[in-house]
Asks: 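Have a look at this one before I ask anything.
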2 protein chains.
Amino acid sequence: MNKKLTIKDIAQLAGVSKGTVDRVLHKRGKVSQKALDSINAVLEQADYEPNLIARNLKNNKIYTVCVVLPDPASDSFWLPCIKGIEEAKKEFKAFNLSISTYYFDPENTESFIAVNKTVLDLAPDAVLLAPIFYKEAQNAVEKYNKHNILVNTFNNQVESGEVKNFVGQDLQQSGRIAAKLMEVIAQKGQIAIIHIDEKFKNAIHMQEKEKGFRNYFAQKENADYNIITLNLKRTNYEIKFTDFLKENPSLTGLFITTSKAYQIAEIIQETSQNKISIIGYDLLDKNINYLNQGTIDFLINQNPKQQVYLGISFLVDYFVFGKEINNTTLLPIDIVNSENASYYME
Amino acid sequence: MNKKLTIKDIAQLAGVSKGTVDRVLHKRGKVSQKALDSINAVLEQADYEPNLIARNLKNNKIYTVCVVLPDPASDSFWLPCIKGIEEAKKEFKAFNLSISTYYFDPENTESFIAVNKTVLDLAPDAVLLAPIFYKEAQNAVEKYNKHNILVNTFNNQVESGEVKNFVGQDLQQSGRIAAKLMEVIAQKGQIAIIHIDEKFKNAIHMQEKEKGFRNYFAQKENADYNIITLNLKRTNYEIKFTDFLKENPSLTGLFITTSKAYQIAEIIQETSQNKISIIGYDLLDKNINYLNQGTIDFLINQNPKQQVYLGISFLVDYFVFGKEINNTTLLPIDIVNSENASYYME
DNA sequence: CCAAAAAATGTGCTCGAACACACTAAAATA
DNA sequence: TATTTTAGTGTGTTCGAGCACATTTTTTGG
């Protein structure tokens with residue numbers, strides 16, 4: 001009694017065959033006005049929903065998806081992505097999806113180009129891309145599109161009408177969140193925004209976060225803090241930062257815009273006398289370690305794992321269930337302290 | 001070429017018919033040792049996964065699920081659940097699932113009993129229950145089980161081997177998170193844990209949170225704070241709390257263990273001179289309002305919407321896809337300030 | 001050694017949607 | 001009027017798993 005209507009039911013109710021109903025549902029034409037009317041009449045008051053399970057039974061094509069991201073061995077920020085991909089594989093194993101992963105060297109644009117070339121030659125149905133090199137990424141996206149390969153991105157945004165979906169965070173807003181936290185925990189005084197990264201690849205990322213951070217204090221017209229910016233490179237960050245500390249004795253807070261907060265925390269823990277509040281990004285083991293020790297006060301979770309997972313699940317929605325997918329998906333920006341960190345690390 | 005293995009493929013590889021493979025897969029017996037060995041040999045190196053889509057094609061029953069929760073009109077904590085149910089309905093429309101919602105009066109155990117009676121008479125396949133009345137809930141779960149109705153719970157835990165799955169949060173841990181936040185933002189002095197609720201229904205909830213909160217400071221051996229507890233009832237909380245404020249002039253922080261932080265914030269905003277940090281629960285509009293004004297410093301998100309959504313999606317996994325489901329699912333405990341609140345309210 | 005019983009194995013149908021193809025009936029053309 | 005064309009309709013098969021039932025093979029006992 002409690003059964004869903006099938007095409008056969010509709011056909012019976014309308015006094016036609018299932019083939020005719022099928023033609024109406026798919027607008028394939030070749031239907032008389034009379035049949036059309038009677039079928040539409042039935043459809044209107046019967047709220048028929050096609051059975052997705054049956055629909056996909058026949059479609060036994062395996063969709064191939066390539067995930068392209070920086071090698072987690074070079075930058076452990078990307079480590080959680082492996083788990084995300086594994087989970088997605090497991091979750092969607094039942095559907096016809098074949099996922100393979102390709103790493104590139106995050107400090108080498110050539111490597112990025114080469115990996116994308118490899119993937120292009122494989123001609124998958126879709127690519128899920130971490131486009132950390134802006135220009136090269138745009139180029140890659142264009143090529144994929146030329147070959148009718150669907151492109152979704154995550155973590156970094158590439159302005160392009162050719163990207164089907166982007167999963168990531170609002171970086172300016174994450175800067176504002178950091179600012180709000182800083183305002184609550186840091187003593188009056190000087191606050192430094194610290195950009196620390198191997199290369200320029202995170203340039204846009206870091207700038208957006210700084211913008212949001214500064215905007216917050218500007219809007220609040222909060223004169224308790226004097227905000228300065230410091231750029232650090234890998235090669236000499238230790239000496240440069242130690243000098244910076246000496247030059248700015250009234251520092252009360254540090255906002256590190258990349259996942260390298262542990263590098264700063266290490267120095268602070270050794271040298272600093274007075275409390276300096278530290279807010280950083282990402283749940284790397286080293287960061288968590290300083291979070292637990294109290295040297296880092298808060299971490300902001302960019303949730304790379306969830307980003308890939310969602311990116312893949314959108315592809316399943318699109319390919320397997322024929323759903324249209326949103327252009328942009330902004331993930332929540334999680335505030336993490338020592339007590340709730342474990343939940344976000346799984 | 002890129003196709004998943006089917007039972008037919010396995011049969012061919014093992015030199016038997018699909019019926020025999022089927023018997024092996026389902027351990028239905030009536031298979032010779034020889035056939036068993038050859039099929040197992042094939043299965044071992046072929047990693048066969050049954051096609052869930054085909055498996056469920058035949059099963060065209062509509063599963064009926066009743067969600068039983070407090071009326072959001074009486075306690076707006078539950079308001080987000082409506083959205084969660086709507087989303088689940090939309091998401092799982094394609095699968096054979098019929099979801100209906102039943103509200104009871106959260107201040108009236110009779111109403112809880114009555115609603116469960118109604119639902120029991122409907123004989124659904126499963127019930128997703130917010131068991132806020134412990135004893136009555138246990139009773140209801142027992143009755144459901146007697147009638148072979150699957151019971152999942154959310155938000156509140158009922159100790160019972162008869163509950164298939166619980167979705168919620170670790171309340172002690174959420175108390176610890178509040179404590180950690182409080183330690184970072186509140187000045188040295190006195191901190192009050194405030195239990196404020198209409199009735200006793202949240203008694204266990206509040207106690208667990210208090211336990212976690214106190215444990216944190218006890219473990220840290222932090223002597224900067226003196227922690228006291230205050231119980232408030234709806235009828236006279238204004239007078240009682242105002243008196244309490246006068247009696248305790250050195251208060252620097254308040255931890256409100258229910259969603260009623262706005263009631264306290266209102267009084268604090270009017271009367272208090274020195275900064276008193278407030279940490280509360282749940283993203284009610286009134287709470288968010290004080291969060292934006294800076295009277296409330298942090299809210300902890302119990303994520304009722306996600307709780308129901310997950311509860312329903314587990315039922316889909318169980319009924320439609322035949323997956324086994326975990327006994328307990330603990331959601332992350334989100335720390336919310338004015339800048340990231342919107343993400344958790346959708 | 002043969003018949004009956006038991007064990008093992010294979011066949012064929014079902015589920016719902018999709019689509020190719022066969023078929024009918026009416027209209028157009030010779 | 002006979003024949004072709006075309007619009008309209010219905011039938012039958014496919015997908016993979018699951019299970020009832022038919023069929024074959026093996027074992028048992030008289």
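The chains referred to below are lettered A, B, ... by the order of the sequence lines, with proteins before strands, and numbering in each begins at 1.
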Asks: What distance do B:E86 atom CD and B:T101 atom OG1 have between them, rounded to the nearest 0.5 Å?
Replies: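 B:E86 atom CD to B:T101 atom OG1 measures 7.5 Å (nearest 0.5 Å).
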Asks: Looking for any heavy atom pair under 4.0 Å, which part of the strands does A:N51 touch: base, sugar-phosphate only, or nothing?
Replies: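 The residue A:N51 makes sugar-phosphate contact but no base contact.
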Asks: Might you confirm whether atom CD of A:E162 has over 12 heavy atoms from other residues, nucleotides or ligands at distances under 6.0 Å?
Replies: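 Correct, the count exceeds 12.
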Asks: Within the pair B:T20 and C:dG10, is there a side-chain N or O less than 4.0 Å away from OP1 or OP2?
Replies: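 So the side-chain polar atoms of B:T20 do come within 4.0 Å of the phosphate oxygens OP1 or OP2 of C:dG10, strictly under.
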Asks: If you go through the side-chain atoms of A:K18, does one of them form a donor-acceptor pair with the base of D:dG10 closer than 3.5 Å?
Replies: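 Flag unset: no donor-acceptor pair detected.
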Asks: Is the phosphate of C:dG16, meaning OP1 or OP2, less than 4.0 Å from a side-chain N or O of A:Y48?
Replies: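 A:Y48 to C:dG16 OP1/OP2: no side-chain N or O under 4.0 Å.
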Asks: Could one point to a donor on the side chain of B:R28 or the base of D:dG18 with an acceptor on the other under 3.5 Å away?
Replies: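 Checked by distance alone, the answer is no.
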Asks: Using a distance-only test with no angle check, is there a side-chain donor-acceptor pair under 3.5 angstrom linking A:Y102 and A:N116?
Replies: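 Side chains of A:Y102 and A:N116: no pair found under 3.5 Å.
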Asks: Does OP1 or OP2 of D:dG16 have a side-chain N or O of B:T6 closer than 4.0 Å?
Replies: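 Answer no for this pair, as no side-chain N or O of B:T6 is under 4.0 Å from OP1 or OP2.
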Asks: How long is the line joining CD of B:Q12 and P of D:dA17, in whole Å?
Replies: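 In whole Å, D:dA17 P and B:Q12 CD are 14 Å from each other.
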Asks: Looking at B:V158 and B:Y134, what are the two nearest heavy atoms and their distance?
Replies: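 Of all heavy-atom pairs spanning B:V158 and B:Y134, the closest is CA-CE1, 4.0 Å.
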Asks: Which residue, B:S17 or B:A54, contacts DNA chain C at a nucleotide closer to its 5' end, judged by nearest heavy atom?
Replies: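 Comparing both residues, the 5'-ward one is B:S17.
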Asks: Would you mind reading off the distance between B:I7 atom CD1 and C:dC13 atom P, rounded to a whole angstrom?
Replies: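 The answer, rounded to whole Å, is 18 Å.
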Asks: In this structure, how many angstroms lie between the C1' atom of C:dC19 and the NZ atom of A:K30, rounded?
Replies: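 These atoms are roughly 13 Å apart.
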Asks: Taking any heavy-atom pair under 4.0 Å as a contact, classify A:K8: base, sugar-phosphate, or nothing.
Replies: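 Since no nucleic acid heavy atom lies under 4.0 Å of A:K8, the category is nothing.
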Asks: Taking CG from A:D9 and C1' from C:dC15, how many angstroms apart are they, rounded to a whole number?
Replies: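 About 12 Å, once rounded to whole Å.
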Asks: What's the CG-P distance between B:D22 and C:dT14, to the nearest Å?
Replies: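 After rounding, the reported distance stands at 18 Å.
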Asks: Under 4.0 Å from OP1 or OP2 of C:dG16: is there any side-chain N or O of A:R55 that close?
Replies: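 Indeed not, no polar side-chain atom of A:R55 lies that close.
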Asks: With respect to the side chain of B:A35, which nucleotide from D:dT9, D:dA17, C:dT9 is positioned closest?
Replies: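 Nucleotide nearest to B:A35's side chain: C:dT9.
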Asks: If I take atom NZ in residue B:K34 and atom P in nucleotide D:dT27, what distance separates them, rounded to the nearest angstrom?
Replies: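 For the pair B:K34 NZ and D:dT27 P, the rounded distance is 12 Å.
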Asks: Measure from CD1 on B:I10 to P on D:dA17 and round the result to the nearest Å.
Replies: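 Between P of D:dA17 and CD1 of B:I10: 9 Å.
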Asks: Does a side-chain N or O from B:S32 land closer than 4.0 Å to OP1 or OP2 of C:dA8, or not?
Replies: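 Negative; the distance criterion is not met.
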Asks: Tell me: NZ of B:K27 to C1' of D:dG18, nearest whole Å?
Replies: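 Answer to the nearest Å: 16 Å.
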Asks: Does any donor-acceptor pair link the side chain of B:R23 with the base of D:dG18 at a separation under 3.5 Å?
Replies: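 Such a pair does not exist between side chain and base.
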Asks: Report the relative orientation of the aromatic rings in B:F319 and B:Y63; use parallel for angles under 30°, tilted for 30 to 60°, perpendicular for over 60°.
Replies: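 B:F319 vs B:Y63 ring planes: parallel.
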